[in-house]
Amino acid sequence: MRWRRLIGFNALTAFVLGIGGYFLGHWVGTRITIGMDSQLATDQNDLAFFMGFVFALLGWLIGLGFLNYPLARMIGRPPALREKEEAGAGRYFRLCTDHKVVGLQYFVTILLFFLIAGLNAMFIRAELLTPNESLWNANQYLSLVSLHGTMMLMMMSAAILGPFANYFVPIMIGARRMAFPRLESLSFWLVPPAGLIMLSAVALGGFPTGWTGYAPLANEARAGMDAYLFAFALIGLSMTIVGTNMIATVLTMRAPGLTWSRLPIFVWGVICTSILMVLAAPVLFSTLAMVALDRTTDTSFFLASAGGSPFLYDNLFWFFGHPEVYILALPGFGVVLEILPVFSRKPLWGYRLAVAGMVGVTLLSFMVWQHHLFVSGINADLRPFYMLTTELISIPTGFIFLNGLGTLWRGRIRFTVPMLFALAFFSNFLIGGLSGVFLSDVPSDVSTHGSYFVMAHFHYTIMGGLVFALFAATYYWLPKMTGLKFNELLAKVHFWMMFVFFNLTFAPLFAAGMLGMPRRVSVYAPRLQGINIFVSISAFLLGVSMLVFLVNLVYSMVIARVPAVANPWHSRGLEFQVPTPVPVTNFETTPVIQSDPYDYGVPDAAPVAVLKAPAPVPGGGAP
Amino acid sequence: VSSADGPLVAPFAEFEPPEILARNLQVGARMMAAAQSFALLAFVFAYFYLRTLNSNGDWRPKHVDPSGGIGVAMVLCLVGCGLAFAYGVQRLGDGTERGWRVASIVSLALGVAAFVLIIVQFASISFGPTSGGYASVFVGWNAFYGLNLLLVLGWLETLVAQSLHAHTQEVAPETSDIAAPFELIRPAADAFAVVLYTAVVFGLIGYVLLFVV
């Protein structure tokens, strides 16, 4: 009976229990608030919504079986590393402790939410075709902008770490698994409820704050704000777990011979990102908890009229928010520096400089957050310090550019699709980075703050950087993950459309910002309509390029299914030395690393690793 | 890539050796302690920020005065919880398993007492969350710290349960993929100590900020 397989600990059970949990929690919350003046004074019961989300999450996790193991341990059962898992597609809908399954689960989920958030961007650009309100009213437009920004920032935090670090870091370091396989699975299974709860904000009246959730506006918003707070906190929790797991894995599970100076540069990017996640995401969690308390129990953390301060929110949020930018960027640095040597057939130039650059960015990213408050009335004496630290961070970032250029110099470059995306990353991120230096200066920041100039800047860094790196990683590693080749023609069409229309969309917005067009409002000066029509058409064509990718993905992975060879790029990466599909235990025996991963073109370079135990010598002697 | 002339490589053990998991626990626990610290530091920052700003003169109106007695009792329980656990870990190192078990149970009991006192404090305060900046931090800190403490105590209970059952059951090979799984109690206790001591230190910080200064 096939239907019997639907019963048990899986996503379907989780979904049903999650929905049931929501209504139960909402009811409990309503009962608790009977007699609470603070909740009865308004027409919405925020505590009931929060209780609904908490119970929904509990139901979701119970349905997936996440409480079984901890409860068993609490009554004295012995520890075990893995769940008992069956082969087959069912693994993708259950708690699975195979890091490769988690990687693919992440890939599909992230892609789905990325497309939804991208669709929001299309709605935004459709509205901006005219200088007055047309498709959406002001509140709806603001909710669209908020949802787009939050979903992109939330989901894209794990865009590279989720699919590619989970899948490849253990293989790259010669391990069989992640340090904490159940936590790895938990970090993924927190993402779908976070995304769904975030989407539910639309049904709950939306939220007007943008992705930053500024208080005290957040205190006054409709119930959609509750969805924002809970969903973003869940992502913060997931990020903390991912970071912990990655650091523990790399620190303790490296294969013999894999010294720090032989560690793949992508893994260094993952470590630096993980440090930021472990230290910054908990602050986000606490900050959102404070807003939730303001909304549910009438504390006044952020209400100046009652002993609080909205600047407290600004400080706490941006203590997370700015490292978040590097949580997005650092894995991208890792991906492109991993890819460039492969397609230049040269060693990575300045490996140690690259590591220093990433570590420098990591450290400095905690010291720049107040540049987001330049126009918020901070003490004027603090401005030069934060201006200086913000400008300083461009130095370690510059190291990464030097590494890239040094690697390309006199290389035998192959313009494959992953390489094209990696090269585009550099040109886009350069524009984003240089405009960032411009914005770090107080005078220019004061005059452009809140304008489309800032919006163009961060789209050049986040979309031009992270998203291009994400596609570079996708075309580079997905054939290894699935064992199937992409259609190269469609992939190149995707790249060229995306590169051209990305630049045509966002470069004019620098000009729109300089001409005074403000962010987050759908009404603008009629003289800017021409530039906005141009940008909107470019944005729609950028959206079409995503459809080309989607068509290629479905065509290549579902219809054509052309098998990929184990090492299609002739890479020295350890992940390409194992068979495709990658065996469950990754390696037959513990690999012994014996040379650098980037020794391309180096005469007499030793193989990167010994992967198999030597055959026994006839007669029983030592081999 | 592989070479028959390369160095010898060890085949995988049938079960995961406990040393690997012990190392993972050490690093993982330190990361969790760091995350715990930064989450709680956000409230410490809020305390100083709002106290310094004293918006509208509403940092701490005169009637906002929580019970010092309950605060002292709670912090004593927390410190006792940490000390008992430290003693237990020492005994575990000496090989005195009985001493470890008794100390860990005492530690758990004191931790639970501290948690109960947080709830009692909540039930008995003479002011509400709406009473200014201090009241907000007080409510937020205790709610968040209490939740954090509950999770820490859940881990401690797991350790106690593992210790009590280690001698009463044989581990069948099909129930665990770790060789000698109960040998992990010592490294797990060492790892957990970092998380527990961090929680105790922040309990002390919370007490000093909310009741003393």
Side-chain angles (χ1 to χ4, degrees), chain A residues 38 70 73-82 176 179-180 240 243-245 247-249 251-253 278-283 285-287 289-290 293-294 297-301 304-309 311-312 315-316 577 585 589-592 594 607-615 623, chain B residues 1-4 6-12 16 20-21 23-24 27-28 31-32 34-36 38-43 45-46 49-50 53-56 58-60 128-130 132-137 139-140 143-144 154 157-158 161-162 164-165 168-169 171 175-178 181-182 184:
Chain A
S38 60
R73 296 287 313 279
M74 288 181 87
I75 58 169
R77 298 275 157 76
L81 281 168
R82 297 200 179 211
R176 300 170 83 182
F180 304 109
T240 309
T244 299
N245 211 354
I247 292 172
T249 303
L251 252 57
T252 64
M253 302 189 73
V278 168
L279 300 184
V283 176
F285 192 88
S286 297
T287 310
M290 289 179 203
L293 283 169
D294 271 10
T297 64
D298 264 7
T299 52
S300 50
F301 281 102
S305 58
S309 169
F311 297 125
L312 172 63
N315 278 289
L316 287 173
Q577 314 310 324
T585 53
T589 56
T590 305
V592 176
Q594 45 180 29
V608 72
V610 181
L611 290 177
K612 289 181 181 166
Chain B
V1 168
S2 60
S3 159
L8 279 172
V9 287
F12 278 123
E16 188 102 16
I20 293 179
L21 207 56
R23 287 206 311 264
N24 290 342
V27 178
M31 292 301 115
M32 293 316 286
Q36 181 185 213
F38 272 71
L40 291 168
L41 277 172
F43 284 91
F45 181 83
Y49 197 91
L50 296 184
L53 217 56
N54 194 14
S55 298
N56 211 28
D58 269 342
W59 159 246
R60 190 171 181 176
T130 53
Y134 173 89
S136 299
V137 176
V139 169
F144 202 81
E157 196 282 333
T158 304
Q162 296 286 305
L164 295 178
H165 285 77
T168 59
Q169 56 180 297
V171 180
T175 58
S176 179
D177 46 8
I178 303 167
F182 285 118
L184 279 171

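Each chain gets a letter, A, B and so on, in the order the sequences are listed, and its residues count up from 1.
- If you measure heavy-atom distances from A:L251 to chain B, the contacts under 4.5 Å come from the side chain alone.
- For the pair B:G28 and A:A248, the tightest heavy-atom approach, listed with the atom from each and the gap, is N-CB, 4.3 Å.
- Between chain A and the options B:S136, B:A135, B:A143, B:A39, the largest number of non-hydrogen pairs under 4.5 Å is found for B:S136.
- For the set A:T249, A:L316, A:D294, A:T252, the entry with the most heavy-atom pairs within less than 4.5 Å of chain B is A:T252.
- Counting all heavy atoms, side chain and backbone alike, A:N315 lies closest to B:Y49 at ND2-OH, 3.4 Å.
- Contact detail for B:A161 and A:M74: the closest heavy-atom pair is CB-O, 3.2 Å.
- Under the 3.5 Å distance criterion, with hydrogens and angles disregarded, no donor-acceptor pair is assigned to the side chains of B:T130 and A:D298.
- Judged purely by atom type and a 3.5 angstrom limit, B:N56 uses its side chain to pair as donor or acceptor with the backbone of A:S305.
- A donor-acceptor pair under 3.5 Å is formed between the side chain of B:S55 and the backbone N or O of A:G308.
- Using a 4.5 Å cut-off between heavy atoms, A:L293 touches chain B through its side chain atoms alone.
- Smallest separation of non-hydrogen atoms from B:M32 and A:T244: SD-OG1, 3.7 Å.
- Contact annotation for A:N245: neither backbone nor side-chain heavy atoms come within less than 4.5 Å of a heavy atom of chain B.
- The backbone N or O of A:R77 lies less than 3.5 Å from a partner atom in the side chain of B:Q162, making a donor-acceptor pair.
- Closest approach of A:P282 and B:A35 over heavy atoms only: CB-O, 3.3 Å.
- The two residues A:I247 and B:M31 come nearest to each other via the heavy atoms CD1-SD, 3.6 Å.
- Contact of A:T240 with chain B is made through the side chain alone, with heavy-atom distances under 4.5 Å.
- Annotation: the span from A:I75 atom CD1 to B:L164 atom CG amounts to 13.0 Å, rounded to 0.5 Å.
- Atom CZ of residue A:F301 and atom CZ of residue B:F43 lie 5.5 Å apart, to the nearest 0.5 angstrom.
- The closest side-chain heavy-atom distance from B:F45 to A:L312 is below 4.5 Å.
- The distance from the CZ atom of A:F311 to the CG atom of B:L50 is 12.5 Å, given to the nearest 0.5 Å.
- Ranked by heavy-atom pairs under 4.5 Å with chain A, the first of B:L40, B:L184, B:N24, B:V27 is B:N24.
- In terms of heavy-atom pairs under 4.5 Å with chain B, the best-connected choice from A:A289, A:S286, A:P70, A:G243 is A:S286.
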